[in-house]
Amino acid sequence: MMELRRTVAGRITLTAVATVILLFLALPIIVIIVTSFSSNAFAAFPPKAWTFTWYTSLFADGSKWPAALSLSALVAALSTVFSLVIGVTAATALTRSELPLRSAVYALVLGPLLIPQIVTALGLFLLFEPAAMLGSPLAIALGHTVLASPIAVLILIATLRGIDERLEDAAASMGAGRLTIARRITFPLAAPGMIAAAIFSFITSFDEFYISQFLSSVDTVTLPVQIYNSLTFDIDPSVTAISAILIAFAILALALVALVRWLGSGRQESLLSVENTAGIAAPGGEAV
């Protein structure tokens, strides 16, 4: 009985400590969301009165936020496409082939995550400046791809390693080629991971500041750079409103990732059950 009480007390204590830690981590987010509804022009917390003024001012005539938002969305979409192409090819090569020096290639692919972002931004600036590409959305998207593609590679490697290779072997034993296997087996099973990689690549590009700051121009200002300029050169309380919108967007994106992975979690198990029932291939590779 005493041991049970200690176990129950330990669980209660652990739950309480974890709750306090999570609330502490979420406190800045809560402060931003609450402050975005404050009527104080200096973004005071806690607010003395509530208003939606800062949200309506985001899309008022003469506002710079819509242009920055649309540019960030365009750049993030391009970066997502580039990251998925790199992620799929790199993850397939690292998991489905006998690649020489695989560890070195893996380290090279993940290298941008270890290098300070400002160093990467400076290198990209020195690369694109002689080519007169500063301020180009394509140049900014290519720069964001340097940071977004390693994340896509990590997610897709984990996804491909989680796919039972017996399904691919069974298709190959029936005469299917590599392209057919990829189109009918591998990619459909990897779809949840590909969607997750696309969402995280989009978020990474959408929130990137240093590369955008180095590669942007006066006419091409992304949303993070616009937020920085508003906080540096002006006191704009609408920054809290746009920050709250970005927080809501991130939460919805994470919820979408969880939903997609939950919907796709049973697909491989259903294929495996069909395979075992039909006797296509046994775990040892022999037909049953």
Side-chain angles (χ1 to χ4, degrees), residues 15-39 43-47 50-59 63 65-81 83-84 87 113 117 141 144-145 147-156 158-159 190-212 222-228 230-231 236-265:
T15 302
V17 172
T19 302
V20 171
I21 293 175
L22 290 176
L23 288 177
F24 176 76
L25 295 176
L27 186 60
I29 297 176
I30 297 174
V31 170
I32 287 294
I33 295 175
V34 173
T35 306
S36 66
F37 297 99
S38 174
S39 61
F45 181 86
W50 303 87
T51 182
F52 288 94
T53 303
W54 315 127
Y55 287 91
T56 57
S57 65
L58 293 177
F59 303 98
S63 175
W65 297 109
L69 181 61
S70 60
L71 177 62
S72 289
L74 172 62
V75 170
L78 292 174
S79 179
T80 299
V81 174
S83 298
L84 277 182
L113 296 178
Q117 294 183 10
H144 289 182
T145 304
L147 297 180
S149 57
I151 298 176
V153 171
L154 283 175
I155 296 175
L156 291 172
T159 300
M194 295 174 66
I195 295 175
I199 292 175
F200 279 104
S201 298
F202 188 92
I203 294 175
T204 300
S205 174
F206 198 82
D207 293 339
E208 172 55 34
F209 168 73
Y210 290 105
I211 293 177
S212 300
T222 61
L223 189 60
V225 176
Q226 183 60 43
I227 293 175
Y228 174 79
S230 298
L231 293 175
D236 189 357
S238 59
V239 171
T240 58
I242 196 67
S243 300
I245 293 175
L246 293 179
I247 292 172
F249 171 74
I251 294 175
L252 290 176
L254 293 177
L256 179 60
V257 170
L259 177 62
V260 168
R261 296 188 69 87
W262 177 74
L263 292 176
S265 60

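- For Phe209, the side-chain contact (heavy atoms from CB on, under 4.5 Å) partners are Gln213, Pro224, Val225, Tyr228, not counting sequence neighbours.
- Side-chain contact between Glu208 and Phe206 is absent, with no heavy-atom pair separated by less than 4.5 Å.
- Scored by the ring pair (Phe, Tyr, Trp, His ring centres under 6.0 Å) test, Phe37 finds Phe52, Tyr55 as partners (sequence neighbours excluded).
- The number of heavy-atom neighbours closer than 6.0 Å to CZ of Phe202, taken from other residues, nucleotides and ligands shown, is above 12.
- Annotation: the span from Thr159 atom OG1 to Ile195 atom CD1 amounts to 10.5 Å, rounded to 0.5 Å.
- Taken to the nearest 0.5 Å, the CD1 atom of Ile30 stands 11.0 Å off from the OG1 atom of Thr35.
- In terms of heavy atoms, Ala141 sits closest to Leu78 at CB-CB, 3.7 Å.
- Of all heavy-atom pairs between Leu84 and Met194, the closest is CD2-O, 3.7 Å.
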Enumerate, atom names and distances included, each donor-acceptor pair closer than 3.5 Å involving a side-chain atom of residues 65-77, sequence neighbours excluded.
| residue | atom | partner | partner atom | Å |
| --- | --- | --- | --- | --- |
| Trp65 | NE1 | Ser238 | OG | 3.2 |
| Ser70 | OG | Pro66 | O | 3.1 |
| Ser70 | OG | Ala67 | O | 2.9 |
| Ser72 | OG | Ala68 | O | 3.2 |
| Ser72 | OG | Leu223 | N | 2.7 |

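- Evaluation of the side-chain contact (heavy atoms from CB on, under 4.5 Å) rule for Ile151 yields Leu113, Ile155, Phe200, Thr204 as partners, not counting sequence neighbours.
- Side-chain contact between Val239 and Leu231 is present, with heavy atoms from C-beta onward closer than 4.5 Å.
- The shortest non-hydrogen separation linking Thr222 to Ser212 is OG1-CB, 3.3 Å.
- Here the closest heavy-atom approach between residue Ala244 and residue Ile32 is recorded as N-CG2, 4.1 Å.
- Residues passing the side-chain contact (heavy atoms from CB on, under 4.5 Å) test with Ile203, sequence neighbours excluded: Ile199, Asp207, Phe249, Ala253.
- Residues Gln117 and Ile211 are not in side-chain contact: their nearest non-hydrogen atoms beyond the backbone lie 4.5 Å or more apart.
- For the side-chain contact (heavy atoms from CB on, under 4.5 Å) test, residues two or more places apart in sequence or in another chain that qualify with Thr145 are Ser79, Phe82, Ser83, Ile86, Ser149.
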